[in-house]
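These notes are about the structure you will find just below.
What you see below is based on every heavy atom in this structure, not just the backbone, and it leaves out hydrogens, waters and symmetry mates. A quick note: this is a predicted structure, and the numbers were derived from the prediction, not measured. So that the names make sense, note that chain A is the first sequence line, chain B the second, and so on, each numbered from 1.
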Amino acid sequence: MGIQGLTKLLGDAAPGCMKEQKFENYFGRKIAVDASMHIYAFLVVVGRQGDQMLTSETGEVTSHLQGMFFRTVRMLEAGMKPVFVFEGKAPELKREELAKRSNRREDANTELEAAKEAGNAEDVEKYSKRTVRVTREHNEECKRLLRLMGVPVLEAPSEAEAQCAQLCKDGLVYGISTEDMDSLTFGTPKLIRHLMAPSSQKPLAMEFDHELVLKELELTEDQFIDLCILCGCDYTAKISGIGAVRALSLIKKHGSIEGVLAALDSKKYQIPEPFPYQEARRLFKEPDVVKGDQIPQLKWTSPDTEGLIDFLVKEKTFAEDRIRKAVERINAAKGKASQGRLESFFGPAKVVSSTMGKRKEVPVAAKGKKGSSGAAPKKGKLGGMGKKK
DNA sequence: TCTCTGACATTAGACGGG
DNA sequence: CCCCGTCC
DNA sequence: ACCTAATGTCAGAG
């Protein structure tokens with residue numbers, strides 16, 4: 001569920017923490033991605049007709065592979081270096097939330113049966129989407145695919161978003177690409193939304209800067225975490241009647257959840273029972289993650305063409321020429337990337353730190369503010385000037 | 001009147017030929 | 001460039 | 001057996 005109403009709150013109360021970015025700005029950058037969210041979306045939408053999905057000859061679902069493969073190709077082609085992080089064990093506090101989701105799936109299942117019975121195609125599609133579940137198998141197949149593509153895969157001990165945030169804190173990636181605002185609560189220095197949105201029509205990528213969030217809201221990091229808990233997170237129930245706006249003003253006035261609780265009119269506002277906000281706080285502040293030297297080295301290598309053919313074509317019935325063409329695209333992009341690396345000028349190598357020679361991903365020095373919007377779209381990549389203001 | 005919350009519903013990819 | 005059928 | 005989330009709409013309380 002993320003943090004309820006946080007995006008809107010930041011837009012209203014901390015507009016300076018978000019900045020639109022052009023797609024090209026991510027050339028050469030390392031980006032962490034939460035894999036499970038992508039897999040879920042692919043299963044819901046890729047190749048779906050009614051309750052049918054893409055499948056191999058033997059009837060196994062392949063929608064997640066189709067989606068993951070081509071999206072990753074797009075990222076690599078754009079010069080990005082993605083690292084995919086897979087979900088580990090959910091924290092105990094999330095159990096309740098997960099149980100709710102599971103129940104909703106079951107309801108959808110009965111609705112689905114009814115719709116099939118009635119021959120209502122529209123409802124069959126609607127409810128079958130809601131029954132989607134990411135299995136261990138889906139995850140394992142995606143890991144195998146990514147490794148064959150030469151893209152690093154990381155297994156999180158627990159929450160993937162927390163692990164992504166840690167990668168960014170440790171300077172191993174520039175930012176994390178996600179739609180989930182939880183990542184900011186976990187303290188990622190940089191969060192990127194809409195990164196993979198298609199060039200036309202959709203909004204530009206939007207970067208959220210953690211430091212600026214705190215600055216604009218005039219909160220400490222601890223207070224920001226408390227704010228997020230009050231807004232509504234996966235770990236505790238909400239106080240009915242307190243949404244994002246009131247939560248912010250309460251935290252500002254009283255400094256912490258303890259302060260807020262002490263001052264709240266208990267007749268007007270019911271505190272949920274139990275309300276393990278301290279535990280939730282700990283999960284955000286010190287989540288179960290691998291950090292620093294413990295993180296395996298992230299390596300981006302050339303795709304294993306024949307391995308991909310064996311997997312996708314021989315096992316999963318993909319069209320061989322499509323796969324070969326896509327691998328070509330990757331190789332072409334890699335050539336360009338190693339040739340024209342800006343990074344060799346501005347890049348990571350410069351930063352000397354105490355972290356045992358680990359490389360740091362550093363933001364490219366700020367270019368002119370927003371001066372030349374006519375910066376020669378070389379290949380007409382961005383067709384229309386999005387009707388920006 | 002206006003702001004805010006909460007419940008409920010909806011949406012969610014990418015390619016390539018025409 | 002957009003639309004829409006297809007990907008497996 | 002097991003892990004996704006945001007956004008939009010609207011009624012009604014304060």
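Taking the six-membered ring for Trp, A:Tyr235 and A:Phe284 have ring centres closer than 6.0 Å.
The residue among A:Gln4 and A:Arg322 whose nearest nucleotide of DNA chain B lies closer to the 5′ end is A:Gln4. Each of A:Ser240 and A:Arg329 lies near DNA chain B, and the nucleotide nearest A:Ser240 is the one positioned closer to the 5' end.
A heavy atom closer than 4.0 Å to some atom of DNA chain B occurs in no member of residues 247-281 of chain A.
In this structure, of D:dA5, B:dC15, D:dC2, it is D:dA5 that holds the atom nearest to the side chain of A:Asp182. Comparing B:dC15, B:dT10, D:dT4 by their nearest atom to the side chain of A:Arg130 picks out B:dT10. With B:dG16, B:dT10, D:dA6 as the candidates, the nucleotide lying closest to the side chain of A:Lys325 is B:dG16.
Side chain A:Gln66 to base C:dC8: no donor-acceptor pair is found below 3.5 Å.
Between A:Lys215 and A:Glu211 no salt bridge is recorded (no basic side-chain N to carboxylate O distance below 4.0 Å). With respect to the salt-bridge test (charged N to carboxylate O, under 4.0 angstrom), the residues A:Glu140 and A:Lys143 qualify. With respect to the salt-bridge test (charged N to carboxylate O, under 4.0 angstrom), the residues A:Asp12 and A:Lys8 qualify.
Contact annotation for A:Leu98: backbone-only contact, meaning every heavy-atom pair under 4.0 Å involves sugar-phosphate atoms and none involves a base.
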Handout entry: Base-pairing string, 5' to 3', of DNA chain B - Watson-Crick or wobble, under 3.5 Å, | interstrand
Key = .|||||||||||||||||
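Taking the C1' atoms as reference points, B:dC15 lies 26 Å from D:dA6, given to the whole Å. For the C1' atom pair drawn from D:dA1 and B:dA12, the interatomic distance equals 25 Å after rounding to whole Å. B:dT10 and D:dC2 are spaced 26 Å apart, taking the P atom of each and rounding to whole Å.
Applying the 4.0 Å criterion to OP1 and OP2 of D:dT7, one finds that A:Arg193 has a side-chain N or O inside that range. For the OP1/OP2 pair of B:dG6 and a distance below 4.0 Å, the side-chain nitrogens and oxygens of A:Lys238 include at least one atom meeting the criterion.
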